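Everything on this sheet refers to the single structure shown next.
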Amino acid sequence: MQSWEWGEFQKSIGNKIFRLWIEDDGELMAVITLIKKTLLCGKSYLYWPGHNFQFSIFNFQLIFNNTIFKQIIQNEKIIFLRFEPQFGFQSKIENRLPAETFVQEGKSSIVKTFDVQPSKTLILNLDKSEEDMLKAMRQKTRYNIRLSEKKGVKIREANVNEFDKFWELIKKTSKRDGFRLHDKMYYQKMLEPAMVKLFLAEYKNNTVAANIMVFFGDTVTYLHGASSTEHRNIMAPYILQWHCIKLAKKLGYRYYDFYGIDDKKWPGVTRFKNGFNGDKIKYPGTFDLIFNKKLYLVYEIMRKLKRFFH
């Protein structure tokens, strides 16, 4: 989510982005992409997505003490910055930022907020052989993969013209499992960069499961999945996942990220992913760096009222 391609994707769906970087004697030291999110009454916030990068407190200070960043805060009427640090983050970082850093309401503050991206995930190390990865899986997962193979489920990478097959599946999956969808254009635009690929599982000329995968850096990420209620007994999502894992290994990637587990929020999905036996990772979560405390309080009240009435 800090790649150039993800920034271009955000622009394609109508979001304004800002790219900031640090140089030292002409050498690029750090880069971040910030996404502007519009609120009511002409106010906005900035979203800095992505757990998958290291960013030191020193670089944090260099970026946010900079005049350019302060101008963005003022010109875009930014109330807060929402960000997702990686490991080792301490909320007392705010004590290491000088009071004059920010332009409104005096000293800034940092608060923990709801997760935008999942703060728990499962990552499979691909340095093992296929045989060893299969042995490490739960017995039921191995059984389901082999069952799908015997039933003749076929996996292939889809082309752009087949997007509607995914769309029909994910609408049914959303209704069945009770999660919120982005609009159709969002997923269509997401599939435009070369690093994002769509895979379909087919059985008797029917599309029964689909995955959207991201190939970036040293990691392949399982970003979105969908499956049909028809032919559920052939366990197509299992062989589809196994196909993507084997492809990631074959192409030389080091890790396979199942992208989001939570026993309480998504018990079924989490049980499915845990069957592949990766390493459980817990990130610190999502934080808001507040520039205008009064307006942030109004935002929080409005957000809670919206959730209550929905």
Side-chain angles (χ1 to χ4, degrees), residues 51-52 86-87 117-158 166 169-170 173 176-177 195-204 206-283:
H51 293 294
N52 59 343
Q86 206 183 31
F87 306 102
Q117 309 302 327
S119 59
K120 299 175 186 175
T121 190
L122 196 75
I123 296 180
L124 189 62
N125 194 318
L126 299 175
D127 63 357
K128 301 176 183 177
S129 68
E130 289 183 13
E131 183 180 355
D132 286 341
M133 284 192 284
L134 275 169
K135 286 180 180 177
M137 293 177 193
R138 292 179 181 174
Q139 188 276 334
K140 186 67 174 176
T141 301
R142 283 197 306 273
Y143 174 84
N144 288 338
I145 290 170
R146 287 165 179 158
L147 174 67
S148 291
E149 289 174 340
K150 289 178 182 178
K151 293 290 185 180
V153 179
K154 303 299 181 185
I155 310 298
R156 65 180 179 86
E157 183 179 344
F166 168 79
L169 275 185
I170 202 167
T173 306
R176 182 180 70 233
D177 296 342
M195 70 178 190
V196 184
K197 301 181 185 299
L198 173 62
F199 294 89
L200 303 178
E202 296 175 329
Y203 178 69
K204 294 183 176 180
N206 294 311
T207 302
V208 291
N211 283 358
I212 290 181
M213 310 295 303
V214 180
F215 293 72
F216 181 76
D218 59 4
T219 302
V220 173
T221 303
Y222 168 43
L223 197 57
H224 296 289
S227 61
S228 173
T229 53
E230 298 177 30
H231 306 297
R232 294 192 73 176
N233 60 326
I234 63 171
M235 303 299 172
Y238 287 87
I239 194 171
L240 176 56
Q241 205 70 230
W242 179 228
H243 172 89
C244 294
I245 291 169
K246 290 190 294 181
L247 179 62
K249 180 175 175 59
K250 180 181 178 182
L251 294 176
Y253 290 87
R254 295 182 62 192
Y255 304 104
Y256 188 91
D257 189 346
F258 285 90
Y259 191 67
I261 56 172
D262 193 306
D263 290 317
K264 292 182 179 179
K265 290 182 183 177
W266 318 299
V269 171
T270 299
R271 192 162 50 248
F272 166 73
K273 293 178 180 180
N274 280 336
F276 292 87
N277 196 34
D279 296 316
K280 293 180 180 179
I281 306 295
K282 176 72 171 71
Y283 298 112

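All values derive from a computational prediction rather than experimental measurement.
Counting heavy atoms of neighbouring residues, nucleotides and ligands inside a 6.0 Å radius, atom NZ of K246 exceeds 12 of them.
Here K154 contributes atom NZ and I239 contributes atom CD1; the two are 8.0 Å apart, rounded to the nearest 0.5 Å. Rounded to the nearest 0.5 Å, atoms CD1 (I281) and OH (Y255) are 9.5 Å apart. Distance check: F215 CZ to T221 OG1 gives 9.5 Å after rounding to the nearest 0.5 Å. Note that CE of M235 and CD of E149 are 14.5 Å apart. Values are rounded to the nearest 0.5 Å. Atom CG in L124 sits 11.0 Å away from atom OG1 in T219 (nearest 0.5 Å). For the atom pair CD1 of I123 and CZ of R254, the computed distance is 11.5 Å after rounding to the nearest 0.5 Å.
Of all heavy-atom pairs spanning A236 and S148, the tightest one is N-OG, 3.7 Å. Across all their heavy atoms, I245 and F276 have their closest contact at CD1-CD2, 3.8 Å. Minimum interatomic distance between L122 and G278 (heavy atoms only, all atoms of both residues): CD1-O, 3.5 Å. Pairing each heavy atom of Y238 with each of I145, the nearest pair is O-CG1, 3.9 Å. Closest approach of L247 to F199, counting heavy atoms only: CD2-CZ, 3.5 Å.
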Sequence neighbours left out, cut at 3.5 Å: what donor-acceptor pairs do the side chains of residues 222-234 make with other protein atoms?
residue : atom : partner : partner atom : Å
S227    : OG   : R176    : NH2          : 3.0
S228    : OG   : E230    : N            : 2.9

Side-chain donor/acceptor pairs under 3.5 Å, residues 131-144, sequence neighbours excluded:
residue : atom : partner : partner atom : Å
E131    : OE2  : K135    : NZ           : 3.4
D132    : OD2  : S129    : OG           : 3.3
T141    : OG1  : G275    : O            : 3.3
R142    : NH1  : L134    : O            : 3.3
R142    : NH1  : K135    : O            : 3.2
R142    : NH1  : M137    : O            : 2.7
N144    : ND2  : K140    : O            : 3.3

Return a table of donor-acceptor pairs under 3.5 angstrom between the side chains of residues 260-272 and protein atoms on other chains or two or more places apart.
residue : atom : partner : partner atom : Å
D262    : OD1  : K264    : N            : 2.9
D262    : OD1  : K265    : N            : 3.0
T270    : OG1  : D262    : N            : 2.8
T270    : OG1  : D262    : O            : 3.0
T270    : OG1  : W266    : O            : 2.7

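Applying the salt bridge (charged side-chain N to carboxylate O under 4.0 Å, His left out) criterion to R146, with sequence neighbours excluded, gives no partner residue. With sequence neighbours left out, the ring-ring contact (aromatic ring centres under 6.0 Å, His included) criterion links Y256 to F258. The side chain to side chain donor-acceptor pair (under 3.5 Å) search around T121 returns D257, not counting sequence neighbours. Under the ring-ring contact (aromatic ring centres under 6.0 Å, His included) criterion, Y259 pairs with no residue, sequence neighbours left out.
Looking only at side-chain heavy atoms (C-beta outward), L169 and F166 stay at 4.5 Å or farther from each other.
At a threshold of 4.0 Å, the pair E202-R156 counts as salt-bridged, since one of the basic side-chain nitrogens sits closer than that to a carboxylate oxygen.
Between the side chain of N125 and the main chain of D127, a donor-acceptor pair closer than 3.5 Å is present.
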